[in-house]
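Note sheet for the following structure.
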Amino acid sequence: MREIIIDCDPGQDDAVALLLALAYPETFEIIGITAVAGNVPLSLTERNARIICDLAKREDTRVFAGCAQPMKRALCTAEAVHGKTGIDGIEIFEPETPLEEAHAVDFIIEALLAAPAHSVTLVPTGPLTNIATAIEREPGVLEHVDEIVLMGGAMREGGNFSPSAEFNILVDPHAADIVFRCGRPITAMGLDVTHQVLSTRERVAAIRALKNPVADAVAGMLSFFHRHDAAKYGSEGAPLHDPCTIAYLLQPELFAGRQCNVSVETESELTIGHTAVDFWHVTDRPINTNWIYQVDAHGFYSLLNESLARYSESAA
Ligand code: BDR
Ligand code: CA
């Protein structure tokens, strides 16, 4: 059983990542879901995380609200991509899954300090504010982290929110800098790989055909998500960025990566939030990241469908 904390800003693709993880109670012990401001403000991301727990019928999952603002910059959000609620495409309701009282950063610190050495996997799928704040406040937490599997950054694909920066890193580059320099093993799913898992119409139709309430919700969210990317990039479907993290934990053989240094630009106005990936080892900067650059997209969608089919059994 792998103990994980999912730190997220749902977001349709964060929502799918959560549903993927929640489908495997025998594999993941989700010790907490921590919400951060990102795609939409914190009051919505924490509610969205709880809505997803309700959908998965896992109202016992502990959900915490964390930082409402990045460490040093003003928050920028992405309603243009995700809609006003962050998870447009499904019906929004007041969830039964409660919001824990503790601040997400306090929870992360307490949970990690209480865990055995190198035992917890952190899965951040939003701006890295909560994680970096926890590290800054209590560096001793790192000793308890097994690895960090995150969605963020880009090399070959350039940026999606500025010409050179990916959204999660751009929103809080100072937090990302702290995380990439933290010294624990990092696996990063950047745009180079997430742009390979497009939710084409056929793939969304296959999900809808599973005919269970969770699969319906995923199909609804992806149909909404699809509209933006199809119009902006002319692509066949939206990239399922965040679920790459959980898919990697479930089936790492679907992915190819390379150990290299990733450093984050925090100064330049022009390129702030850029991830400088030393893919060809042209510097002597220390290796800090397993930079994922390739995925078997067919295998990824088979895994997603299998996982969502599990909700048919629990609905029966
Ligand atoms: C990342 O930014 C958000 O819009 C998505 O949820 C994903 O985490 C992709 O750049
Ligand atoms: Ca996200």
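Each ligand, and each atom within it, is numbered from 1 in the order the structure gives.
- In this structure, the side chains of Phe167 and Met151 stay at 4.5 Å or more apart for every pair of heavy atoms.
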Q: For salt bridge (Lys or Arg N to Asp or Glu O under 4.0 Å), just list the numbers for Asp88 and Lys84, CA-CA rounded to whole Å, side-chain angles, deciding distance to a tenth of an Å, and then say yes or no.
A: CA-CA 7 Å; Asp88 277 26; Lys84 247 201 257 151; over 6 Å; no
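- Side-chain contact check for Thr194 and His241: at least one donor-acceptor pair (N or O, by modelled atom type) lies under 3.5 Å.
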Could you pull out the N/O contacts under 3.5 angstrom between ligand 1 and the surrounding protein atoms?
residue, atom, partner, partner atom, Å
ligand 1, 4 (O), Asn39, OD1, 2.8
ligand 1, 4 (O), His82, NE2, 2.8
ligand 1, 6 (O), Asp13, OD1, 2.6
ligand 1, 6 (O), Asp13, OD2, 3.2
ligand 1, 6 (O), Asp14, OD1, 3.0
ligand 1, 6 (O), Asn39, ND2, 3.0
ligand 1, 6 (O), Asp242, OD2, 3.1
ligand 1, 8 (O), Thr125, O, 3.1
ligand 1, 8 (O), Asn168, ND2, 3.0
ligand 1, 8 (O), Asp242, OD1, 2.7
ligand 1, 8 (O), Asp242, OD2, 3.0
ligand 1, 10 (O), Asn160, ND2, 2.9
ligand 1, 10 (O), Glu166, OE2, 2.5

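- Judged as a ring pair (Phe, Tyr, Trp, His ring centres under 6.0 Å), and not counting sequence neighbours, the contacts of Phe279 are Tyr293.
- Using a 4.5 Å heavy-atom threshold, the side chains of Val105 and Cys67 count as touching.
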Q) Can you check salt bridge (Lys or Arg N to Asp or Glu O under 4.0 Å) on Arg310 and Glu26, steps first, answer last? A) CA-CA 12 Å; Arg310 287 179 153 224; Glu26 74 281 23; 2.8 Å; yes
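- With no hydrogens or angles considered, no side-chain donor-acceptor pair links Asp177 and Thr266 at under 3.5 Å.
- A donor atom on one side chain and an acceptor atom on the other are not found under 3.5 Å apart for Asp9 and Thr45.
- The distance cut-off of 3.0 Å around the Ca ion (ligand 2) captures these protein N, O or S atoms, sorted by chain and number: Asp9 OD1, Asp14 OD1, Asp14 OD2, Thr125 O, Asp242 OD2.
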Could you list the donor-acceptor pairs under 3.5 angstrom formed by side chains in residues 106-123, with sequence neighbours left out?
residue, atom, partner, partner atom, Å
Asp106, OD1, Arg137, NH1, 3.0
Ser119, OG, Pro116, O, 2.7
Thr121, OG1, Arg2, NH1, 3.0

